[in-house]
Amino acid sequence: MVYCLQPRVFRLQSACCIHSQGGRTIAVPLLKASDLHPVPKYVAYYCWHIVTIVLAMIAVMFAIAGVRSESLDLGLVATVLTASFCLLGLAVPPLKKQKYSQMPQGWLFLPIVLLGGLGILGGVS
């Protein structure tokens, strides 16, 4: 078993929980916004749920890679996806003149990326 990937599963499950709890502060006000046209409002709400599904599936990929050394490719895909989300999350705030305290998502993916990379390196024979 590739135990070095297991912490990534728990870290990503935590990210899923944070994302779900954020629904109260992001998704609910979005749906209540009466000044927003229905199309962008419901597309953003739909995207919120896509992110929920993607985060859950990445956790599953890390879990499978953690218990089956022949499935390290899933861990690699999960690490590349989280690295992409991390880079996007670190680039958007300065580009849009926002503070990281208002948009911390990129930083939340960084430990997952680092641990995923270590897990992949540790699982390669």
Please report the C-alpha distance between Phe85 and Ile58 in whole Å, then the side-chain angles of each, then the deciding distance to 0.1 Å, and finally whether the side-chain contact (heavy atoms from CB on, under 4.5 Å) criterion is met. CA-CA 12 Å; Phe85 301 155; Ile58 290 172; 3.6 Å; yes
Using 0.5 Å steps for rounding, measure from the CD atom of Glu70 to the CD1 atom of Ile64. 11.0 Å
Is it possible for you to say whether Tyr100 and Leu114 belong to one hydrophobic cluster, with membership spreading through side-chain heavy-atom contacts below 4.5 Å? yes
Trp48 side, atom CH2; Ile53 side, atom CD1 - distance, nearest 0.5 Å: 13.0 Å
Please say yes or no: joined through hydrophobic side-chain contacts below 4.5 Å, possibly via intermediate residues, are Met103 and Ile26 part of one cluster? no
side-chain contact (heavy atoms from CB on, under 4.5 Å) evaluation trace for Leu88 with Phe109: CA-CA 10 Å; Leu88 179 65; Phe109 281 107; over 6 Å; no
Pair Gln98, Val92 - check side-chain contact (heavy atoms from CB on, under 4.5 Å), show working. CA-CA 8 Å; Gln98 297 294 308; Val92 168; over 6 Å; no
Taking Val51 as the starting point, is it possible to reach Tyr46 by hopping between hydrophobic residues whose side chains are less than 4.5 Å apart? yes
Check whether any side-chain heavy atom of Leu76 lies under 4.5 Å from a side-chain heavy atom of Leu72, and answer yes or no. no
Minimum heavy-atom separation for Phe62 to Gly75, with atom names? CE2-O, 3.7 Å
Let me confirm one number: the CG-CG distance from Leu90 to Leu110, rounded to the nearest 0.5 Å. 7.0 Å
Using modelled atom types only, decide if a donor and an acceptor are shared between the side chain of Lys41 and the backbone of Ala33 within a distance under 3.5 Å. yes
Hydrophobic clusters here meaning ILVMFWY residues chained together by side-chain heavy-atom distances under 4.5 Å, can you tell me if Ile50 and Val77 are in one? yes
Nearest heavy-atom neighbours spanning Ser71 and Ala65: O-CB, 3.4 Å
The reported gap from CG in Asp73 to CE in Met61 (rounded to nearest 0.5 angstrom) is 10.5 Å
Roughly how far, to the nearest 0.5 Å, is the CG atom of Leu81 from the SG atom of Cys86? 12.5 Å
From CG (Leu36) to OH (Tyr42), nearest 0.5 Å: 9.5 Å
Heavy-atom closest pair (Ile112 atom, Thr82 atom, distance to 0.1 Å) is CG2-CG2, 3.9 Å
